[in-house]
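None of the values given here were measured: they were computed from a predicted structure. In the text below, chain A, chain B and the rest are named by the order of the sequence lines, each starting its count at 1.
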Number of protein chains: 2
Amino acid sequence: MSTILVVDDEPQIRRALRTALSAHGYATIEAGAGEAALDAAASRQPDLVVLDLGLPDIDGVEVIERLRGWSDVPVIVLSVRDDQAGKVKALDAGADDYLTKPFAMEELLARVRAALRRTERPGSAPATLRFGPLAVDLARRLVTDDGELVHLTPTEYDLLEALLTNPGKLLTHAWLLRRVWGPNYGDESHYLRVYVRQLRQKLRDDASSPVYILTEPGVGYRWLPDPDPDPLRT
Amino acid sequence: MSTILVVDDEPQIRRALRTALSAHGYATIEAGAGEAALDAAASRQPDLVVLDLGLPDIDGVEVIERLRGWSDVPVIVLSVRDDQAGKVKALDAGADDYLTKPFAMEELLARVRAALRRTERPGSAPATLRFGPLAVDLARRLVTDDGELVHLTPTEYDLLEALLTNPGKLLTHAWLLRRVWGPNYGDESHYLRVYVRQLRQKLRDDASSPVYILTEPGVGYRWLPDPDPDPLRT
DNA sequence: GCGGGCCGTCAAGATGTCATAAAGATCGAC
DNA sequence: GTCGATCTTTATGACATCTTGACGGCCCGC
């Protein structure tokens, strides 16, 4: 089941969206303002965001920009204004779609399906990724090493997930902090040191000759191996 | 450069779209009917399809369905009809977006950018530049030489990026210093000597007979080779 | 051929970052 | 309220990178 974050300052609109979405089998999270939306996107990791541009605290376009700093979650924008410039700005800031209020709920649902369909396909969502002796079940948040269950705290797991879902990519300190700790973080790189250390210890990795997590001094960290090809498929 | 397949039975609309798209740096292919569109999508492998639903031979929704049988290329639908049922049908058939005529060209372009941005991400377009044995993946910040990972410090990488994103161009000392070290620099050409030296060493380049970085005495440096053509495309 | 400037090369010190360990602070379960 | 687990914070030595200075070679003008 997919989880959708609904961001709108008007409770009755949130309610209408929640009703329609849950009737179609989606779980919903709600936020009434921009900061709360960013927090929720970080902590709850929704599969899609429905975002009203008119928010009380921060401009909707800024919400998109800040979200895109650490997340690729699809964003469908709602707006009362039908101006072209606003559409272009929101789409170029990183929105995936733009609907003008009032809109037909059927159309929103179809656009939600289209957006979710896109993120489903690539990688065909292999429930469990393997890297040599290491296996990570993303759906169950379970990690095993040589078949033995590795116990990770929530933060440790979030960090591991952020790393291994971007194999080969250099992830900066600020990106990792925002992705794991939330949008209000970015300078606390000592957190990363502590948690990378714990992860490496639990995965039997060595900082000086790493198999999994490579330190890029002054910049960030990099998950080294690509996932093993799925032996069940051909 | 991205290639866009424009499907519409009215030549003047094709012409308008072609003009606008090529003015923004896209290559265009055109088709006036459904069968021709499917042929073109198969043989030319466009990065995006702009599809008018009203086609003379087959229904636009059927075009989408048949296309989706073997391709995940993003499809933006254009239609004169504003009916909800049609939108839902087209989106559920596999379309990524739906615009009602008449539409603002600026909006279409923004939606094109949004659709292309999404497909950039996954492995399909690695965005990796090759220069003989050297491969630079700008998105992952990854440099390999003969398949071996080359470790670069942040400054070294920034300098490399500044050079190879301007192949053949003469880059002055002051320009490079400002680009890599920031706007308050410009006279410290000594820095460049040290870091160019380190880059050359790591890339196995020789100052006296350079393959990559050419010294232009008294002026600056020049990245010699153009990127190799992508062997995956034709 | 002589000197000055520019470049390439090397290496050492300064600076900041990282790995590691361990001590407080916080939170939730019971 | 106590306990255990987790998160946050702090301290220290080790390390990587950046900065800086020194030196020799080369080219060019004089």
Subject >> Spacing between B:Ile213 atom CD1 and C:dT9 atom P, to the nearest angstrom >> reply: 11 Å
**OP:** Could you say whether A:Gln198 or A:Leu192 is positioned toward the 5' end of DNA chain C, judged by the nucleotide with the nearest heavy atom to each?
**Re:** A:Leu192
Original post:
Between A:Tyr98 and A:Ser79, is any side-chain donor less than 3.5 angstrom from a side-chain acceptor?
Top reply: yes
Subject >> Nucleotide D:dT6, atom P - distance to CG of A:Leu152 in whole Å >> reply: 10 Å
Original post:
Reckon B:Thr155 touches a base, only the sugar-phosphate, or nothing at all at heavy-atom distances under 4.0 Å?
Top reply: sugar-phosphate
Original post:
To the nearest 0.5 Å, how far apart are CG in A:Leu176 and CD in A:Glu188?
Top reply: 12.5 Å
**OP:** Return the value, rounded to whole Å, for the distance between atom CD of A:Gln201 and atom P of D:dT6.
**Re:** 14 Å
Subject >> Protein-nucleotide distance (A:Glu216, atom CD; D:dC15, atom P), rounded to Å >> reply: 19 Å
**OP:** Considering just the side-chain nitrogens and oxygens of B:Arg193, establish if one lies under 4.0 Å of OP1 or OP2 belonging to C:dG8.
**Re:** no
Original post:
Which part of the nucleic acid, if any, lies within reach of B:Thr215 when heavy atoms closer than 4.0 Å are counted: base, sugar-phosphate only, or nothing?
Top reply: sugar-phosphate
Subject >> A:Arg141 atom CZ: more than 12 heavy-atom contacts under 6.0 Å >> reply: yes
Original post:
Between B:Trp181 and A:Pro217, who's closer to the 5' end of DNA chain D by nearest nucleotide?
Top reply: A:Pro217
**OP:** Check whether more than 12 heavy atoms from other residues, nucleotides or ligands sit under 6.0 Å from atom CD of B:Glu148, and answer yes or no.
**Re:** no
**OP:** For A:Tyr185 and D:dC7, give me the distance from atom OH to atom P, rounded to whole Å.
**Re:** 12 Å
Subject >> For atom CG of B:Leu159 and atom P of D:dT19, their distance in whole Å >> reply: 13 Å
Original post:
Rounded to the Å, how far apart are A:Tyr221 OH and D:dA16 P?
Top reply: 14 Å
**OP:** Please assess A:Arg200 against A:Thr215 for the test side-chain hydrogen bond (donor to acceptor under 3.5 Å, both in side chains), listing each intermediate value before the final yes or no.
**Re:** CA-CA 11 Å; A:Arg200 289 211 258 233; A:Thr215 303; 3.1 Å; yes
Subject >> Heavy-atom closest contact (A:Val73 atom, A:Pro46 atom, distance) >> reply: CG2-O, 3.4 Å
Subject >> Neighbour count above 12 (heavy atom, 6.0 Å) for A:Lys101 NZ >> reply: yes
**OP:** Please tell me which of the listed nucleotides, D:dC18, C:dC18, C:dG8, lies nearest to the side chain of B:Pro154?
**Re:** D:dC18
Between the protein and nucleotides 3-5 of chain D, are there any N/O to N/O pairs under 3.5 Å, and if so, what are the atom names and distances?
none

**OP:** Might you confirm whether atom NZ of B:Lys202 has over 12 heavy atoms from other residues, nucleotides or ligands at distances under 6.0 Å?
**Re:** yes
**OP:** Return the orientation label for the B:Tyr191 and B:Trp181 ring planes: parallel under 30°, perpendicular over 60°, tilted otherwise.
**Re:** tilted
Original post:
Looking at A:Leu152, A:Leu199, A:Leu142, which hits side-chain contact (heavy atoms from CB on, under 4.5 Å) with A:Tyr157?
Top reply: A:Leu152
**OP:** Counting heavy atoms from C-beta on, name the nucleotide in C:dT20, C:dG8, D:dC18 closest to the side chain of B:Tyr195.
**Re:** D:dC18
Detail all sub-3.5 Å separations between protein N/O atoms and N/O atoms belonging to nucleotides 20-23 of chain D.
residue: D:dT20; atom: OP2; partner: B:Tyr191; partner atom: OH; Å: 2.4
residue: D:dG21; atom: O6; partner: B:His190; partner atom: NE2; Å: 3.1

Original post:
Does B:Arg200 make a side-chain N or O approach to OP1 or OP2 of C:dG8 shorter than 4.0 Å?
Top reply: yes
Original post:
In whole Å, what is the span from the CG atom of B:Leu199 to the P atom of D:dC18?
Top reply: 11 Å
